[in-house]
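Let me begin by presenting the structure, written as structure tokens, before commenting on it.
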Amino acid sequence: MDPIEPFRKEVENAIGLGLKAMGVDQRFEIELPPADIADFALPCFQFAKALRKSPVAIASDLASHIPKLDLVSEVWNDKGYLNFRFNEMTLVDLTLKEILTSKDAYGCWPSQGTSILLEHTSVNPTGPIHIGRARNPLIGDTLARCLRLSGYEVTTEYYVNDVGKQVVLLAWGIEHIPPSDVPQAERGKADHRLVGYYRKANELMESDPEVGEEIADMLRKFEAGDREVIEKVRRTAQTMLDGIVESLEAVGVELDDFIWESQFILDGSAKDVVERLKGTRYCVEEEGAFYLDLAEFGVHGRDTKFFFTRSDGTTLYTTRDMAYHIDKFRRADCLINILGEDQKLGMIHLASALKILGVEKVPENVFYSFVSLPEGRMSTRKGTVVTLDDLIEEAEERALGEVKKRRTDLTEEEMRVIARAIGRGSIRYNIIRVQAEKPIVFRWEEALNFEGNSAPFVQYAHARACSILRKAGAYEPKVVPSLLTDPYEKKLVRVLARFPGVVRECGEKRRIHVMPSYAHELASSFNQFYTYVPVLKAGDARDARLGLVESSMWVLRNCLRSMGLGTPEEM
RNA sequence: GGGCGUGUGGCCUAGCAUGGACAUGGCGGCAGCCUCCUAAGCUGCAAGUCAGGGGUUCAAAUCCCCUCACGCCCGCCA
């Protein structure tokens with residue numbers, strides 16, 4: 001399973017016994033220091049108060065209380081730390097055997113017996129998905145992959161916004177605006193073709209009050225459950241959605257289910273939420289509309305009013321979102337939503353309202369900041385966007401150019417397949433490598449970087465490993481720790497051993513950016529090994545080194561897959 | 001005005017939850033490395049008031065307070 005676990009257990013156990021012997025009964029946590037210092041370390045500062053001794057003296061005392069260990073070759077104190085060095089032969093042996101028997105399951109944890117419903121993307125179907133929002137599906141999809149590897153049963157879901165002014169406006173535009181009034185789209189994809197109507201309809205609504213009245217009329221019919229209007233709007237939304245889904249699939253994002261917002265109007269569950277909220281003591285009426293007063297829930301000022309009906313009795317977006325969340329809680333143990341930072345207040349309102357209704361569980365939210373352009377925020381309505389399709393096309397083209405520079409032996413189609421993996425991978429990698437709450441300013445030269453900390457860097461290391469294995473022909477992968485003594489080999493093994501822990505950290509902490517970090521370190525360690533340690537001409541050590549190369553290949557491959565990146569065997 | 005978030009070498013970024021050993025790595029810059037498993041690689045060098053100020057602590061990028069800058073939100077929109 002996790003090759004580090006036996007070491008951790010032994011060390012923690014020994015420390016526990018040592019501390020007990022010294023009369024300390026205190027919780028402690030061991031750290032993973034930089035590899036050149038030690039493998040595990042216990043900071044002893046935390047015991048200084050209880051023992052009234054210097055951390056240095058404690059570390060020294062404690063060292064003398066640690067018995068001889070099986071898996072640890074060295075225990076020493078240094079500047080107030082008690083350090084441990086693994087028995088390297090054992091580490092190499094356990095790690096490589098684990099990888100070579102598990103192969104593509106290395107890093108996979110056993111079932112946790114918990115189901116997770118992960119909602120992500122959920123962008124309004126009013127235009128092609130642009131990179132301002134593209135962080136959502138990429139974070140969501142990567143998190144889903146890491147959670148599945150961590151042993152959770154994950155379902156991903158896209159909540160389709162087919163209710164409200166924006167989609168109705170689009171449907172109206174398609175019906176009433178002649179094609180000649182809309183600028184020719186650059187692409188034939190439905191989402192690109194249709195977005196012109198959305199922009200034009202917005203302009204018309206702003207300049208012509210009659211249009212606004214027509215939209216309002218459609219909206220009323222929609223809310224009243226008018227089948228014809230709902231069908232018309234849904235068809236429009238579906239067409240847009242098809243285009244969006246196609247873009248998502250191009251970057252390796254596939255969703256399990258699509259839930260339509262209008263469902264909660266049609267099945268009456270949104271109205272049901274309204275009735276239940278009206279019966280609570282937080283409910284206040286204001287000129288026919290109803291809201292909850294959430295002053296008790298940590299919100300301030302004007303934010304305390306959470307309206308859940310209009311004065312005409314119709315429901316609002318958040319009301320329907322409540323019905324959706326109640327529905328989701330019936331279907332899974334745990335809910336996670338990937339949301340833009342603009343949704344924060346809304347989610348506080350929603351969580352408070354759910355609590356008021358007696359829902360015990362709360363949805364977990366992962367918020368991300370939007371990707372903006374150097375000149376500012378993107379807007380579908382204004383047309384100031386770089387679409388995901390633009391980026392994919394540019395990245396693939398650029399990647400193809402790079403492949404052609406280095407490979408003259410491949411067919412055009414073979415080169416395209418590789419370029420696709422590199423181009424699409426780069427997009428994913430560049431977005432997920434930065435933590436979600438940090439803002440990103442999109443720059444073409446950064447997005448199309450294929451060197452250093454990038455997807456191709458990791459993919460290249462994998463391709464190099466594959467290349468060695470290909471050239472090795474038939475061989476027997478052997479685990480011979482005594483033949484893997486080079487510092488570069490030992491360093492690489494230590495990195496390989498950490499992979500299962502990293503998978504888990506990404507899943508449990510919902511912090512997927514640590515995977516790209518790890519991936520870069522892994523690829524870098526492999527490249528150093530590759531540069532300095534010959535494999536095919538290694539003589540006696542050849543099979544042992546091939547075992548290490550194959551192990552590296554599996555971990556690189558599993559790591560790439562956990563991020564949804566392609567794994568080309570040559571580049 | 002209030003709330004939430006972000007601020008780390010020229011640029012990007014890790015570390016912040018659980019304070020601790022010289023602040024991680026990349027891009028760009030400079031200097032090197034392909035008769036040998038793909039140089040999308042490897043090695044070395046230069047470059048930092050961890051936004052600013054105060055506090056807590058033996059110890060602060062990390063915790064607390066204040067200030068500044070930027071982003072997002074504060075609709076009977078979605």
Side-chain angles (χ1 to χ4, degrees), chain A residues 27 29 31 33-34 37-38 41 43-46 48-49 54-55 78-81 83 124 126 161 163-167 261 286-291 298-305 307-314 316-318 320-321 340-346 348 367 369-370 372 376-377 399 402-403 405-407 422 426 430 433-435 437-441 443 445-446 449-461 463-472 509 511 513-514 516-517 520-521 523-524 526-528 530-538 545 549 570-571:
Chain A
R27 277 198 55 189
E29 208 145 312
E31 314 181 333
I37 295 181
C44 295
F45 309 90
Q46 51 189 320
K49 213 164 235 168
S54 78
D78 184 26
K79 301 191 202 85
Y81 287 85
N83 289 334
N124 286 351
T126 50
N161 247 278
V163 181
K165 202 183 261 176
Q166 296 180 48
V167 244
E261 187 180 343
E286 188 178 288
E287 296 172 25
F290 290 86
Y291 68 87
V299 284
H300 310 267
R302 296 185 290 245
D303 295 350
T304 55
K305 283 189 185 181
F307 278 91
F308 61 93
T309 74
R310 296 191 182 89
S311 52
D312 65 3
T314 55
L316 290 152
Y317 171 80
T318 330
R320 292 169 316 249
D321 205 15
E341 60 180 340
D342 55 340
Q343 307 288 316
K344 282 185 184 177
L345 179 59
I348 291 173
F367 294 105
S369 296
F370 297 114
S372 61
R377 204 177 167 170
E402 295 295 320
V403 176
K405 263 198 245 169
R406 352 189 161 222
R407 301 298 295 265
I422 293 168
S426 298
N430 272 305
R433 60 180 253 266
V434 358
Q435 42 175 296
E437 57 272 22
K438 284 215 180 196
I440 295 181
V441 177
R443 291 189 180 86
E445 63 273 24
E446 283 171 22
N449 169 38
F450 293 162
E451 283 163 18
N453 192 3
S454 67
F457 180 90
V458 185
Q459 290 170 319
Y460 185 60
R464 279 177 147 181
C466 288
S467 172
I468 293 178
L469 297 174
R470 210 166 35 237
K471 290 189 172 159
K509 295 184 183 164
R511 290 159 65 81
H513 67 276
V514 315
S517 261
H520 183 260
E521 199 185 337
S524 189
F526 181 78
N527 280 331
Q528 289 171 346
Y530 181 94
T531 303
Y532 294 106
V533 186
V535 176
L536 297 177
K537 293 179 179 169
R545 286 182 183 165
V549 172
E570 54 183 321
M571 285 171 64

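First the proteins, then the strands, lettered A, B, ... as listed; each starts at 1. Remember, it's a predicted structure, so these values are computed and weren't measured experimentally.
Residue A:T309 places no side-chain atom within donor-acceptor reach of the base of B:rC76, judged by atom type and a 3.5 Å distance cut-off alone. A donor and an acceptor atom sit less than 3.5 Å apart, one in the side chain of A:N83 and one in the base of B:rA21. Looking at A:K509, its side chain comes within 3.5 Å of the base of B:rA17 through a donor and an acceptor atom.
When distances are taken from the side chain of A:Y317 to each of B:rU38, B:rA78, B:rG15, the shortest belongs to B:rA78. Closest to the side chain of A:R310, from the set B:rU38, B:rC76, B:rA40, is B:rC76. Out of B:rU38, B:rU18, B:rG5, the shortest distance to the side chain of A:E437 is found at B:rG5. Nearest nucleotide to the side chain of A:Q343, out of B:rA21, B:rG28, B:rA78: B:rA78. Considering only side-chain atoms of A:L316, the nucleotide from B:rA40, B:rA78, B:rU18 that sits closest is B:rA78. Closest to the side chain of A:K438, out of B:rC12, B:rC76, B:rU8, is B:rU8. Checking B:rG41, B:rG26, B:rC76 against every side-chain atom of A:N527, the shortest atom distance belongs to B:rG41. In the set B:rG15, B:rA78, B:rG5, the nucleotide with an atom closest to the side chain of A:R511 is B:rG15. Checking B:rC42, B:rC37, B:rC76 against the side-chain heavy atoms of A:S311 singles out B:rC76 as nearest. Listed candidates were B:rC76, B:rG28, B:rC73. Nearest to the side chain of A:L345 is B:rC73.
Atom-to-atom distance recorded for A:Q166:CD and A:N124:CG is 5.0 Å, nearest 0.5 angstrom. In this structure, A:Y291 OH and A:T304 OG1 are separated by 7.0 Å, a value rounded to the nearest 0.5 Å. Taking CZ of A:R443 as the reference point, atom CG of A:N449 lies at 13.5 Å (rounded to 0.5 Å).
For A:H513 and B:rG15, the shortest distance from a side-chain N or O to OP1 or OP2 is below 4.0 Å. Look at A:S517 and you won't find any side-chain N or O under 4.0 angstrom from OP1 or OP2 of B:rG15. Distances shorter than 4.0 Å separate none of the side-chain N or O atoms of A:R302 from OP1 or OP2 on B:rC76. A close approach under 4.0 Å does not occur between any side-chain nitrogen or oxygen of A:Q435 and OP1 or OP2 of B:rU13. Distances shorter than 4.0 Å separate some side-chain N or O of A:R377 from OP1 or OP2 on B:rC73. For B:rC37, neither phosphate oxygen OP1 nor OP2 lies less than 4.0 angstrom from any side-chain nitrogen or oxygen of A:K537. Using a 4.0 Å cut-off, some side-chain N or O of A:R406 falls inside it from OP1 or OP2 of B:rA40. Close to B:rU38, at under 4.0 Å from its OP1 or OP2, lies a side-chain N or O of A:Y530. Contact between the side-chain N/O atoms of A:R320 and the OP1/OP2 oxygens of B:rA78 is found at a separation under 4.0 Å.
To the nearest whole angstrom, the two P atoms, one in B:rC4 and one in B:rA47, are 40 Å apart. Atom name P, nucleotides B:rA61 and B:rC22: the rounded distance is 12 Å, in whole Å. Comparing B:rA14 with B:rC63, their P atoms sit 15 Å apart, to the nearest whole Å. B:rC11 and B:rA40 have their P atoms separated by 29 Å, given to the nearest Å. Nucleotides B:rG71 and B:rG25 place their P atoms 32 Å apart, quoted to the nearest Å. Comparing the same atom, C1', in B:rG5 and in B:rG44 gives a spacing of 40 Å after rounding to whole Å. For the C1' atoms, the distance linking B:rA60 with B:rC65 amounts to 15 Å, nearest Å. Taking the P atom of each, B:rG28 and B:rC74 are spaced 41 Å apart, rounded to whole Å.
Between A:N161 and A:V167, the closest side-chain pair of non-hydrogen atoms is not below 4.5 Å. Residues A:R433 and A:S454 fail the side-chain proximity criterion, which asks for heavy atoms closer than 4.5 Å. Put simply, the side chain of A:I422 does not reach to within 4.5 Å of the side chain of A:E402, judged on heavy atoms. Put simply, the side chain of A:N527 reaches to within 4.5 Å of the side chain of A:R464, judged on heavy atoms.
With the nearest nucleotide of RNA chain B identified for both A:Q528 and A:K79, A:K79 has the one nearer the 5' end. Comparing A:F370 and A:H300 against RNA chain B, the residue whose closest nucleotide sits nearer the 5' end is A:H300.
Only one option out of A:C466, A:S467, A:P456 pairs with A:M571 in a side chain to side chain contact (heavy atoms under 4.5 Å, CB included); it is A:P456.
A:E31 comes within 4.0 angstrom of nothing in the nucleic acid, heavy atoms only. Within the 4.0 angstrom heavy-atom criterion, base atoms lie near A:A41. Residue contacts shown for A:N124 are limited to sugar-phosphate atoms, with no base heavy atom under 4.0 Å away. Contacts of A:E261 with the nucleic acid, taken as non-hydrogen atoms under 4.0 Å apart, involve only primed sugar atoms and P, OP1 or OP2. The residue A:P439 sits close only to the backbone: its heavy atoms come under 4.0 Å of sugar-phosphate atoms, none of a base. Nucleic acid contact for A:I422: base, since at least one base atom lies under 4.0 Å from a heavy atom of the residue. Within the 4.0 angstrom heavy-atom criterion, base atoms lie near A:E570. Looking at heavy-atom distances under 4.0 Å, A:P55 makes no contact with the nucleic acid at all. The residue A:S524 sits close only to the backbone: its heavy atoms come under 4.0 Å of sugar-phosphate atoms, none of a base. Among the atoms of the strands shown, none is found under 4.0 Å from any heavy atom of A:V549. Looking at heavy-atom distances under 4.0 Å, A:A463 makes contact with a base.
Rounded to whole Å, the distance from CD on A:E29 to C1' on B:rA17 is 11 Å. The CZ atom of A:F307 sits 13 Å away from the C1' atom of B:rC74 (whole-angstrom rounding).
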Review point. When Watson-Crick pairs (N1 to N3 and N6-O4 or O6-N4) and G-U wobble pairs (N1-O2 and O6-N3) count only below 3.5 Å on both distances, what is the dot-bracket string of RNA chain B, with | for other-strand pairs?
Key: (((((((..(((.......[....))).(((((.......))))).....(((((..]....))))))))))))....

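Of the possible donor and acceptor atoms, one in the side chain of A:S369 sits under 3.5 Å from a partner among the backbone N and O of A:E437. Counting only distance, with no hydrogens or angles, the side chain of A:D321 and the backbone of A:Y317 share no donor-acceptor pair below 3.5 Å. Between the side chain of A:R310 and the backbone N or O of A:L316, no donor-acceptor pair lies under 3.5 Å.
Listed here is the closest heavy atom pair of A:V299 and A:D303: CG2-O, 4.0 Å.
Glycosidic conformation of B:rC34: syn, with the torsion inside 90° of 0.
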